[in-house]
Amino acid sequence: KTELYSALGEEAGISRLMETFLLEIAADERIVEHFIDTDIERLHRLLTEQICELVGGPCVYSGEDMVTVHTGMGISHAEFNALVENLMTAMDAEGIPVGAQNQLLALLAEMHPEVVKL
Ligand code: HEM
């Protein structure tokens, strides 16, 4: 386990954060269209697993790889940025320390090429 995993409140904190994040997305008219046919319970479970594993927690992500999932969605840079904004709002709301916020954002930024313009 890592400091970042602890700072995010471990698995329970990450699960809460992902719930708040999905509520932000649901209220964001710039990107909500993409999620209209999505099983949100399942997406919540997979995001929690993915972030938990990504930050060094004891989870195993059981979803598809990022390129496979996002191919055909035609996600733009602006839409990616909107999603990042939603995550920042959620992290503020959950009281995540700024240092931990920045570490998580840096890890997600690395996935940008696996998600955008596919
Ligand atoms: C670093 C950024 C991102 C990460 C880490 C991420 C992660 C994920 C994960 C883990 C899943 C579930 C995989 C599965 O179903 O097996 C997923 C699905 C999805 N993502 Fe992303 N995503 C990112 C960016 C985006 C963006 C910017 C959009 C659109 C604005 C988006 C739209 C979707 C949609 C619509 C689904 C659900 C597909 C379905 O209904 O099956 N994602 N994403």
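What's counted below: heavy atoms across the whole structure, side chains too, no hydrogens, waters or symmetry copies. In listed order, ligands and their atoms are each counted from 1.
- Looking at Arg42 and Leu47, their side chains never come closer than 4.5 Å, going by heavy atoms from C-beta outward.
- Among protein atoms, those of element N, O or S found less than 2.8 Å away from atom 21 (Fe) of ligand 1 are His70 NE2.
- Using a 4.0 Å cut-off between a side-chain N of Lys or Arg and a carboxylate O of Asp or Glu, Glu41 and Arg45 do not qualify as a salt bridge.
- More than 12 heavy atoms of other residues, nucleotides or ligands lie within 6.0 Å of CD in Glu114, so this atom counts as buried by the packing criterion.
- Using a 4.5 Å heavy-atom cutoff, the side chains of Met111 and Leu54 are in contact.
- Expressed to the nearest 0.5 Å, how far CD of Glu33 lies from CD of Glu79 amounts to 10.0 Å.
- For ligand 1, the polar-atom distance check finds an N/O of Glu64 within less than 3.5 Å of one of the ligand's N/O atoms.
- From Leu8, atom CG reaches atom CZ of Arg16 across 11.0 Å, with rounding to the nearest 0.5 Å.
- Atom 37 (C) of ligand 1 has its nearest heavy-atom neighbour, among Asp37, Thr38, Leu54, in Thr38.
- The aromatic rings of His112 and Phe80 sit perpendicular, their planes meeting at an angle over 60°, well past the 30° parallel limit.
- Under a 4.0 Å criterion applied to the non-hydrogen atoms of Met111, ligand 1 contributes the atoms 1 (C), 5 (C).
- Here Val116 has no heavy atoms under 4.0 Å from ligand 1, in either its backbone or its side chain.
- Listed by number with element, the atoms of ligand 1 under 4.0 Å from a non-hydrogen atom of Gly63 are 16 (O).
- Note that CD of Glu11 is 11.5 Å distant from CD of Glu53, once rounded to the nearest 0.5 Å.
- Residues Val32 and Ile36 are not in side-chain contact: their nearest non-hydrogen atoms beyond the backbone lie 4.5 Å or more apart.
- Those atoms of ligand 1 with a heavy atom of Ile31 less than 4.0 angstrom away are 30 (C).
- Nearest protein heavy-atom neighbour of atom 35 (C) of ligand 1: His34 O, 3.2 Å.
- Using a 4.5 Å heavy-atom threshold, the side chains of Ile31 and Ile75 count as separate.
- When hydrogens are left out, the protein atom nearest atom 14 (C) of ligand 1 is Leu46 CD1, 3.5 Å; that is the closest non-hydrogen contact.
- Taking 4.0 Å as the cut-off, Arg42 counts as a neighbour of ligand 1 on heavy-atom distance.
- Among Tyr61, Phe80, Phe35, the residue whose heavy atom sits closest to atom 13 (C) of ligand 1 is Tyr61.
- Pairs passing the side chain to side chain donor-acceptor pair (under 3.5 Å) check and including a residue from residues 82-94, sequence neighbours excluded, read Thr20-Glu94, Asp28-Asn86, Arg30-Glu85, Asp92-Gln101.
- Around the CE atom of Met66, the shell of radius 6.0 Å holds more than 12 heavy atoms that belong to other residues, nucleotides or ligands.
- Taking every non-hydrogen atom of Leu108 and a distance limit under 4.0 Å, the qualifying atoms of ligand 1 come out as 1 (C), 5 (C).
- Counting heavy atoms closer than 4.0 Å to ligand 1, residue Gln50 contributes side-chain atoms (C-beta onward) but none from N, CA, C or O.
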